[in-house]
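Have a look at the structure below before the remarks.
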Amino acid sequence: MYSGEARTAAELDSGRAMLLSGLRANGIRDQQVLHAIAQVPRQEFVRPEDRRWAYSDEALPIAGGQTISQPYVVAAMTQLLQLRREDRVLEVGTGSGYQAAVLATLVREVYSIEIDASLADAALERLRRLGYGNVQVRAGDGFYGWEEAAPFDAVIVTAAAPRIPERLVAQMKPDGRLVMPLGEGLQQTLIRARKHGYRLQVERFDDVLFVPMRGAIRTPEG
Ligand code: SAH
């Protein structure tokens, strides 16, 4: 893991180059994904005091006790989504907006839902300021998905849930892909679920560590 400190623009640039070579060495082969990670200025998505760590491969704290995901995990999840230019993608857990920006670099439209209204506002403002016009953000419980914009080619959940939220599957196109951390506490695995008619094919990948999904998933109906 690269954990160098970068204070100047040149140091941020070389930090970014080292991050990318680390991602390649760790199995991120999708050139489009690597290109998107290279394009999105992660230093704009972290707290000002953490800017110098923006290109170290680690999760960092953001407001509301939440985190911006580790670049490797963002890259791995994005690669698993197998995106095409024309796709429309739903994200649950906007957080800083970083993952949404990476997605927006790759696809036509991104819809992102954040349960913490102040994080949703801040992310939308940041994404607009940075020129990501193809991302819509709304405050709400992503458990219910985004019915008016469905169906989606791909769905990404960036908070850990004990099971795959059924409504999100319902809002996927046939052959759509859903990528999320499945599990609780320290036992979480990245999964990809592919929709084949009424059947879901689920594959398991790396163990990961995400903040828990909140809201209706925690209730008996969830
Ligand atoms: N994708 C983010 C990191 C996400 S951290 C980024 O790139 O920065 C997980 C986020 O999911 C947190 O911001 C948390 O508030 C949000 N979250 C948790 N439960 C949620 C739910 N039910 N619906 C929408 N967002 C949720």
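First listed ligand is number 1; within each ligand, the first listed atom is number 1. Residue numbers run from 1 in the order of the sequence given. Predicted model, so just to flag it, every value in this text is computed and none were measured.
Taking distance alone, with nitrogen or oxygen atoms compared against 3.5 Å, Ile68 stays at or beyond that limit from ligand 1. When only interatomic distances are considered, the shortest N/O to N/O separation between Gly93 and ligand 1 falls below 3.5 Å. Between Asp116 and ligand 1, a contact under 3.5 Å exists for no N or O pair.
In this structure, of Arg42, Gln70, Arg214, the residue bringing a heavy atom nearest to atom 22 (N) of ligand 1 is Arg214. Of the candidates Gln99, Met77, Arg138, Gln99 brings a heavy atom nearest to atom 7 (O) of ligand 1.
The closest approach between Gly64 and ligand 1 stays at or above 4.0 Å for every heavy atom of the residue. Ligand 1 lies less than 4.0 angstrom from a heavy atom belonging to Thr94. Ligand 1 lies less than 4.0 angstrom from a heavy atom belonging to Gly142.
One finds a salt bridge joining Glu203 and Arg192 here, because a Lys/Arg side-chain nitrogen approaches an Asp/Glu carboxylate oxygen to under 4.0 Å.
If you check the side chains of Gln99 and Thr78, you find a donor sitting under 3.5 Å from an acceptor. Counted by atom type alone, Thr94 and Glu114 present zero donor-acceptor pairs between their side chains at under 3.5 Å.
For atom 12 (C) of ligand 1, the closest non-hydrogen atom on the protein side is Gln66 OE1, 3.2 Å.
The aromatic rings of Tyr98 and Phe45 stand perpendicular to each other, their planes meeting at an angle above 60°, with 30° marking the opposite boundary.
Other residues, nucleotides and ligands contribute more than 12 heavy atoms inside 6.0 Å of the CD atom of Gln82.
Listed by atom number, the atoms of ligand 1 under 4.0 Å from Val211 heavy atoms are 5 (S), 9 (C).
For the pair Arg167 and Tyr144, the cation-pi criterion (under 6.0 Å, within 45° of the ring axis) is not fulfilled.
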Test side-chain contact (heavy atoms from CB on, under 4.5 Å) applied to Asp206 and Tyr72, step by step: CA-CA 11 Å; Asp206 307 13; Tyr72 170 75; 2.9 Å; yes
